[in-house]
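Quick notes on the structure that follows.
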Amino acid sequence: MAERITPRDQDYAQWYQDVVRAAKLAETSPVRGSMVLPPNGYELWENMQRGLDGMFKATGHRNAYFPLFIPKSFLAREAEHVEGFAKECAVVTHYRLKEDNGDLVVDPEAELEEPLIVRPTSETIIWDTYAKWIQSWRDLPILINQWANVVRWEMRTRLFLRTAEFLWQEGHTAHATEQEAVDETRQMLDVYATFAEEWMAMPVVKGVKTASERFPGAVDTYCIEALMQDGKALQAGTSHFLGQNFAKAFECTFQNQDNEAEYVWATSWGVSTRLIGALIMTHSDDQGLVLPPKLAPTQVAIVPILKKNGDNEAVLGAAREMRDALLNAGFRVILDDRDQYRPGWKFAQYEVEGVPVRLAIGPRDVENGTVEMARRDTGEKQSIQRDALAGTVRETLDAIQAGLFEAARQRREENTYVVDSYDRLQEVVEAGGFALAHWDGTAETEAKVKEETKATIRCIPFPDQFPGVDTQEAGTDPVSGAPSEGRVVYAKAY
RNA sequence: CGGGGUGUAGCUCAGUCCGGUAGAGCACUCGCUUUGGGAGCGAGAAGUCGUCGGUUCAAAUCCGGCCACCCCGACCA
């Protein structure tokens, strides 16, 4: 295999591509911007789904499915929404092909009366449906999530980070009161933050988007923002308070307890396969992928060391026992007894693929009742007792999960700066990192900074996101000199 | 959509300037020796050189059109 991975300090973008390829997470496909997800990549997504889905269910949500195709007219119903998405929609205009002198051509006779758009997001089709479902305050709230693919025709794509088609989940809820909808929006943001930190081992900042970064059609967009290894920010999840915008556009009202018609309050929230990109750029190194144990498709790889004149049956037997014991203990484990690859090759391969723990067992170990355990995150190897295997593996996986989070948290802390001058703001975002600076709240200042530094306001952070920094304290905007009500997070972003 | 780059074996690429029998490494198949950090030797299979056209006795190579992909920007989860 001999996969070469470009070192991060040489070319970070190339390193990212190399890791995706070498770890077999995704491949490009014949259509630009769409990707093939082989098992390593898809299982990672499945594990993310499992974690998130459990949290959605635990907060009272149910899964449902809405159609891929949306009538063009639906998108036009909400003014900001159409403006935000119109430029990147795939449109279906015909329903038939025909032979033409040996060529396959679109049959001009088969034009649809109304073009269909491939969903870039599902608010419109869902609110058209909710309008039929909702009559009374007794029908509320509606708490629904869907796992789906969506299409946004992007100019420039990068595997996971920005693809034309991607997998995601989108929650869409309907509520009787504004407060309830706002609470839902906040609750789901907390779910995302918990998932990012506890499952992905990726620290995030919670906050609100500025008006210019808001979801088209939302009243408020909440987000979690993570800092990647190269100092660029990545929006990892968003939760939108939609107010009554979609209810008004789709005439979705309910009768309240006083028998009056009221518009329904809405939220939507989503995370996508982009999280896989975030995961890669949070933990991985120049040797390849590094995965947190909770999400790793394979948590433990067992490599038997076979010898020409050794007792290979004893080694394989011990390896199988180990595998069975670990499977019974609930781990995702594989025993790699393929004989066409040598142990050294397998070691290297599992490192590239990010398997958290590797166990190697050879004749010496069988004799001694031991096994060699190697950690992917630290590279550390140690000989452990086989009779305590499951417990040791459990502890080690937990230690890796915690260690990855701590390392990422520390890196973020080291690259987060409180800045009080425009010069310093420019320095920080140029070098890479979060700059906590006062902002006067105007779109003009925001645009000026974006124009001059390429950095954007990632979010207006919630209180207590940065230990030791009071971002709520009033001050002066270093760019405009105008008064500021608090600090925001500036950074260059993916 | 602007700037740059690349299309040759499954993959990474050499060969193109200066036209003359299609190459290497890795991967793959078979055999033997190996196996505690990406094995060695031998044999073998594998390419209408992105595509269409032009120049020429002769084109991977020169000329023109087209297409695709990658990187950097503008736009975006």
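Chain letters run A, B, ... following the sequence lines, proteins first and then strands; every chain starts at 1. None of the values given here were measured: they were computed from a predicted structure.
Going from the P atom of B:A59 to that of B:C49 covers 11 Å, rounded to whole Å. Between the C1' atoms of B:G54 and B:C70, the separation comes to 30 Å (whole Å). Straight-line distance between the P atoms of B:C62 and B:G3: roughly 23 Å, to the nearest whole Å. A gap of 28 Å separates the P atoms of B:C71 and B:G64, to the nearest Å. Using P as the reference atom, B:A46 and B:U34 are 32 Å apart when rounded to the nearest Å. With both ends at atom C1', the span from B:A24 to B:A9 equals 11 Å, rounded to whole Å. Spacing of P atoms, B:A74 relative to B:G2, comes out at 16 Å, to the nearest Å. Across B:C17 and B:G7, the matching P atoms stand 14 Å from one another, rounded to whole Å.
A cation-pi arrangement is absent between A:R412 and A:F434, since the terminal nitrogen or guanidinium carbon is not both under 6.0 Å from the aromatic centre and inside a 45° cone about the axis. Both tests pass for A:R358 against the ring of A:F347: distance under 6.0 Å to the centre and angle within 45° of the axis. At least one cation-pi condition fails for A:R274 and A:Y494: the charged atom is not both under 6.0 angstrom from the six-membered ring centre and inside a 45 degree cone around its axis.
A:E154 comes within 4.0 angstrom of a nucleotide base, judged by non-hydrogen atoms across all strands. Within the 4.0 angstrom heavy-atom criterion, base atoms lie near A:L161. Within 4.0 Å of A:R358, counting heavy atoms only, lies at least one base atom of the nucleic acid. Among the protein residues, A:Y494 comes within range of no part of the nucleic acid, since none of its heavy atoms lies under 4.0 Å from any strand. Among the protein residues, A:T163 comes within range of the nucleic acid bases, having at least one heavy atom under 4.0 Å from a base atom.
Between the base of B:G37 and the side chain of A:K381 there is a donor-acceptor pair shorter than 3.5 Å.
Distance from the side chain of A:A360 is smallest for B:G36 among the nucleotides B:U34, B:G36, B:G38. For A:S272, whose side chain is taken as the heavy atoms from C-beta onward, the closest listed nucleotide among B:C28, B:G36, B:A77 is B:A77. Among B:G38, B:A77, B:U35, the nucleotide with an atom closest to any side-chain atom of A:Q235 is B:A77. Considering only side-chain atoms of A:K450, the nucleotide from B:C75, B:A77, B:A39 that sits closest is B:C75.
OP1 or OP2 of B:A39 lies within a sub-4.0 Å distance of a side-chain N or O belonging to A:R342. Using a 4.0 Å cut-off, some side-chain N or O of A:K308 falls inside it from OP1 or OP2 of B:U34.
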Polar atom pairs (N or O), protein with nucleotides 69-74 of chain B, under 3.5 Å:
residue: B:C69; atom: OP1; partner: A:R32; partner atom: N; Å: 3.3
residue: B:C70; atom: O3'; partner: A:Q17; partner atom: OE1; Å: 3.1
residue: B:C71; atom: OP1; partner: A:Q17; partner atom: OE1; Å: 2.5
residue: B:C72; atom: OP2; partner: A:R156; partner atom: NH2; Å: 2.3
residue: B:A74; atom: OP1; partner: A:K454; partner atom: NZ; Å: 3.4

Under 3.5 Å between N/O atoms: give me all the protein pairs with nucleotides 43-46 of chain B, atom names plus distance.
none

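Below 30°, between 30° and 60°, or above 60°: for A:Y12 and A:W15 the angle between ring planes is between 30° and 60°, a tilted geometry. Using cut-offs of 30° and 60° on the angle between ring planes, the pair A:Y130 and A:W127 is perpendicular. Using a 30° and 60° split on the angle between ring planes, A:W265 and A:F241 fall in the parallel class, below 30°. The aromatic rings of A:F215 and A:H240 sit parallel to each other, their planes meeting at less than 30°, with 60° as the upper class boundary.
Mapping A:E88 and A:D365 onto RNA chain B via the closest heavy atom, the residue that lands nearer the 5' end is A:D365. Nearer the 5' end of RNA chain B, as judged by each residue's closest nucleotide, is the contact made by A:K346, out of A:S212 and A:K346.
Inspection of the A:T267 and A:T173 side chains reveals an N or O donor paired with an N or O acceptor under 3.5 Å.
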